[in-house]
Amino acid sequence: MKRETCKLLILGAGPGGYVCANRAGQLGIDTILVEAQALGGTCLNVGCIPSKALIHAADEFHLVRHLAEGNPLGITAAAPAIDLTQTVAWKDGIVKRLTGGVAGMMKKAKVRVITGQGQIIDGKTVEVETQEGPLRISTESLVIATGSRPQDIGALPFGGDILSSTDVLNMQSVPKRLAVVGGGYIGLEIGTAMAKLGAQVTVIEAAAQILPQYDADLTKPVMARLKTLGVTVLTGAKAAGFGNGSLEIQTKEGPQTIDADKVLVTVGRVPVTDGFGLEGLGLTMQGRFIDIDDRCRSSMHGVFAIGDVTGDPMLAHRAMAQGTLVAEVIAGNAARWDKRAIPAVCFTDPEIVTVGLLPADAPDAGVALFPLAGNGRSLTLERRDGFMRIVYDKGTGLVLGIQAIGAGLSEMAGEFALALEMAATLTDIAETIHAHPTLGEAVQEAAIEGLLAQQ
Amino acid sequence: MGISSIKIPDVGEGVAEVELVEWHVKVGDIVKEDDILAAVMTDKATVEIPCLFDGKILSLGGALGDTLVVGAELLTIEHDGASSGAVEAQVNVVASDAPEEPDEPEAAEEKPASDNAPKPVIQPAPAAKAPEGGNARAPRPEGQPPLAAPSVRARAREAGIDLRQVAGSGPAGRILNNDLDAVFEAGSGPQTSTSRRREGSEEIRIIGLRRKIADRMALANARIPHITVIEEIDVTAVEDLRAVMNAGRGDKSKLTVLPFVSAALCRAIADHPEMNAHFDDEAGIVTRHAPVHIGIATMTDGGLVVPVLRHAESHAPFAAASEIARLAEAARTGKATRDELAGSTITITSLGPLGAVATTPIINHPEVAILGVNKMAMRPMWDGSQFVPRKMMNVSASFDHRVIDGWDAATFVALIKRLLENPAMMFMEDEA
Ligand SMILES: Cc1cc2nc3c(=O)[nH]c(=O)nc-3n(C[C@H](O)[C@H](O)[C@H](O)COP(=O)(O)OP(=O)(O)OC[C@H]3O[C@@H](n4cnc5c(N)ncnc54)[C@H](O)[C@@H]3O)c2cc1C
């Protein structure tokens, strides 16, 4: 068997793994990155990027349809058509560009990339099944960045017309009737896109509301928009089985059926912790996730874990931040996780951005809100739904959390996160000049509202 | 009733200003004639100022550490006397260079008036500026994350500072770079165990003797480009000789190594007169001295004091030994006179058994050379065929590189080495 040695071996080339490898390479650490599939992991191949590509295409299509239907702007357009095969090919082009970029980045950082399924032998040894045969790699440090995969439900196993998020992103045509099981962000993002592309969409959510992690104020504008788009949302409903174009569901009122050509199951994601010898290490777990400390160290010396395998929030930018952190730790630098905030974006229509505490997380805190209906830029964009909201400490004006909902507000995530990391107060935001006319002015307005309430 | 202003008296010797090192009274105190009001320090001596009246203190003319010119107001006093006006105080010259006591925080405020040794003032330092809105809250309660910008957090992380222990002076208690600066200045290093962690800081004003030392060291280090030569010396022979000379002396004082080092220095200076000199850099004049007055840098509780072994060149070993012992004792107890503390032409510094392997002695300005004596230790030395145990002692000698070349510095130290390794040579008149 062929053998290799390295100082750092990273298993999995998602945003956690490749960012870690890149930083380690820059720091001069002899690094090997092992990936069974394409570089970029879930995020680049079947997650963030392709889903946003699809959402963009759907938005464009929907826009033209909206223009074709007659509009106050005085624009006329012919009824559009979409060839989803071509859309998906376009999306694949973007994915290829980005994964190619990752490959180039690895080369530049002098990271050795090995393609194949890795099997952990022990904390210092990984065997990779490569095309040229098995390769045994000895390493000083091991980083587990194997990510997550879609969760299935017993009643609806993936296959055939029952799709995972991965499958739906590669569909060649728009289904006539799509049932989305699971009203979390992935289901709603894709469900909304499909509705805009012309599918008749029904969302089935077991909890009392969609996007259960957010409060009702935040989800209300999304609900309203879904209604306009013709999406049916059934809350408090559970999918029980599928056959012959009919989805059975259980509701409080009793069993029902929903006609559907395809069923998209997005009930969550599970960390990938089995099938590659991880069990043999006997690491301390935190539920389904690998337990880590503030340096991403697992319970075994020299074994680290980052990204979705380490728990919530399962987001690409958290994985990336952890990847950087681990590279620094392995290089011997003083680094530890001390972030105040991980922003989360939901690319529904309108988009939701949350950073820090929600009002429900801090009952004693002040809440300042400014509706986008009062924002000039919003009106010029033909939108008046949504708001900016700041949760702050009443005594000091310290910003504890910021939430926003509105079309195109995902780009505000950086400002919000910066405000939290800088420990900004309402005054800091209110005193920062926000360009006019922009949607961002609304957060300044909210801060001013908060200051007025404090007087 | 009269009100008088007591002035800083002329303490003589052309002294134009004094440093206020101790207050014995505070505003409102009732004092009697001859009570000590304050202590001031001149160039070398501490001077106490007694009261001339029975009365009540109305105001003080300065804070500890202030420099006051002769004739300035020391304080004002209300007294029974009929006349008002200014009076010049009298002075009591007390022990010169009285060493400071060990730092005792509680001694700062209330101390008996008879205790005339200057003491350091310890004030609880404000941990940091009070935050806006008076929300001082550090150290933070457990579990409450510290508020600081990422750059500040990174800086703290790299320095191993636990931000939970740092007071934030920014809005909402945000920890600013300034707050971190304060921590660095307070010198709190990495903190590891919560149970052993200490809080707070204290500010110690550098006054009196310590300030004199600080000023002199700063002056010497800033002005003089030092070159330091470090050499290993085999003192086995000296030690053997010393043992023989000390044998059978019973209670009589015994020789330490210092008289031998002093003798070697005097002998070496005979060949290198440029080392026994003062350099007046403003006038551009080097004054070489014929007598060798060796300053013996002596650690006292209050700091470094340098009594002077005068005419070291004329002392035989036992005479030098007893004079050195006497001077050291006088310095330690604060009884050394001004004369005994002035006029050295070259200095020896020694940390005794603590003396490390090498040191970087700072020249006693305006001298041009200083000889540092390091710790003696038994070390294995190669004699050409085997390792033999030898008593080794390193010397670290610094020279004013403006007037002493490296070559001369090295030959001078080499000569001292040769003398100490062959002690008989020290006592010969011939060229060494
Ligand atoms: C549809 C969808 C949309 C999403 N949208 C967003 C979004 O908008 N924003 C956001 O922040 N996050 C989004 N996410 C989540 C995001 O993709 C993940 O949080 C992120 O990819 C996690 O990164 P990771 O590095 O931990 O793991 P992954 O990206 O899952 O990468 C793990 C990699 O490890 C490889 N691997 C696993 N086991 C082995 C083995 N034994 N040997 C070799 N290789 C192995 C896998 O092939 C995979 O490539 C989305 C996810 C989905 C599914």
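Residue numbers begin at 1 in each chain, while the letters A, B, ... track the order of the sequences.
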Part of N333(A) lying under 4.5 Å from any heavy atom of chain B: neither
Minimum heavy-atom distance A424(A)-R174(B), with the two atoms named: CA-NH1, 3.5 Å
Closest non-hydrogen atom pair between M422(A) and P150(B), with its separation: SD-CD, 3.7 Å
Heavy-atom pair with the smallest gap, counting every atom of A423(A) and A148(B): CB-N, 4.1 Å
Given L398(A), L420(A), T396(A), the one that forms side chain to side chain contact (heavy atoms under 4.5 Å, CB included) with L147(B): L398(A)
CA sep, side-chain torsions, deciding dist, call: R340(A), R153(B), side-chain contact (heavy atoms from CB on, under 4.5 Å): CA-CA 11 Å; R340(A) 287 194 72 212; R153(B) 280 182 264 159; 4.1 Å; yes
